[in-house]
Amino acid sequence: MTTWFRTYDEGEDLWLYFETDDEGWPLRQIEVRGEDARPVVAASLREVLHSCDDADRAAMSRYERQYGVLAEGPMDGWQDQPQAAEIPAEEFERLWAEARRALGDSG
């Protein structure tokens with residue numbers, strides 16, 4: 001079952017939003033700076049795998065510079081993180097669209 005949730009990284013002053021699969025692995029990730037609400041990450045597993053499948057290191061590097069790096073591994077224990085909460089899919093989709101627009105999504 002797909003899950004959408006947020007946590008807060010106090011040390012970095014970042015809101016982290018995740019869409020995870022039924023095993024807890026991240027499918028998409030958004031990071032938003034707390035101080036100015038500016039998106040700094042909007043990465044997608046599907047897009048990362050596409051770049052890896054093409055074995056195009058230059059494309060992967062461009063992707064990471066533009067959209068950031070997707071977290072690796074299952075997100076076990078997210079419920080114990082500061083200000084953790086499940087969020088509705090609609091909220092995640094709205095944040096995703098805003099973050100991609102801000103980071104220069106051409107598609």
Side-chain angles (χ1 to χ4, degrees):
M1 178 169 116
T2 303
T3 303
W4 298 268
F5 63 90
R6 68 151 199 245
T7 65
Y8 181 68
D9 181 333
E10 295 170 343
E12 297 293 325
D13 189 25
L14 285 173
W15 284 99
L16 297 94
Y17 299 87
F18 292 94
E19 174 184 62
T20 59
D21 66 13
D22 57 349
E23 294 179 359
W25 288 76
L27 299 172
R28 292 187 291 172
Q29 176 179 345
I30 306 162
E31 293 181 11
V32 178
R33 279 197 316 224
E35 105 186 18
D36 59 6
R38 182 179 182 276
V40 293
V41 171
S44 161
L45 178 61
R46 182 178 51 84
E47 294 168 349
V48 168
L49 292 177
H50 178 74
S51 292
C52 289
D53 288 347
D54 291 345
D56 186 345
R57 287 190 180 274
M60 189 66 205
S61 182
R62 283 190 304 274
Y63 180 88
E64 289 179 352
R65 277 194 309 276
Q66 184 167 4
Y67 298 115
V69 178
L70 185 69
E72 295 182 22
M75 305 304 298
D76 298 335
W78 67 264
Q79 301 91 333
D80 302 325
Q81 299 302 311
Q83 302 187 46
E86 282 195 46
I87 62 172
E90 298 79 17
E91 180 179 351
F92 186 91
E93 292 301 336
R94 179 184 57 77
L95 291 164
W96 178 258
E98 290 173 6
R100 292 302 284 237
R101 199 169 25 256
L103 296 174
D105 192 354
S106 59

Does Val48 belong to the same Ile/Leu/Val/Met/Phe/Trp/Tyr cluster as Tyr67, with side-chain heavy atoms less than 4.5 Å apart forming each link?
-> yes
Counting distance only, does the side-chain N/O of Gln81 pair as donor-acceptor with the main-chain N or O of Asp9 below 3.5 Å?
-> no
Give a yes or no on whether Leu27 and Leu49 share a hydrophobic cluster (residues Ile, Leu, Val, Met, Phe, Trp, Tyr; joining criterion: side-chain heavy atoms under 4.5 Å apart).
-> yes
Identify whether Trp25 and Met75 are in the same connected component of the hydrophobic contact network (ILVMFWY, side-chain heavy atoms under 4.5 Å).
-> no
Under 30°, 30 to 60°, or over 60°: which ring-plane class applies to Trp78 and Phe5, parallel, tilted or perpendicular?
-> parallel
Heavy-atom pair with the smallest gap, counting every atom of Gly68 and Ala43 = O-CB, 4.0 Å
Find the distance between CG (Leu45) and CG (Asp21) and round it off to the nearest 0.5 Å.
-> 8.5 Å
Taking the side chain from Asp13 and the backbone from Glu35, do they hold a donor-acceptor pair closer than 3.5 Å?
-> yes
Between Trp96 and Phe92, what is the ring plane arrangement, given parallel below 30°, perpendicular above 60°, and tilted in between?
-> parallel
Salt-bridge present (Glu98, Arg94; N to O < 4.0 Å) | yes
Measure the spacing between CG of Asp76 and OG1 of Thr20 and express it to the nearest 0.5 Å.
-> 9.5 Å
Say whether, by atom type as modelled, one donor and one acceptor occur between the side chain of Arg6 and the main chain of Trp15 under 3.5 angstrom.
-> no
Is there side-chain contact between Arg33 and Leu14, with at least one heavy-atom pair below 4.5 Å?
-> yes
For residues Leu16 and Tyr8, report the shortest heavy-atom separation together with the two atoms involved.
-> CD1-C, 4.4 Å
Would you call Glu47 and Arg28 a salt bridge, taking side-chain N to carboxylate O under 4.0 Å as the test?
-> no
Closest heavy-atom pair and its distance - Ala99, Val41 = CB-O, 4.5 Å
Gln83 atom CD: more than 12 heavy-atom contacts under 6.0 Å = yes
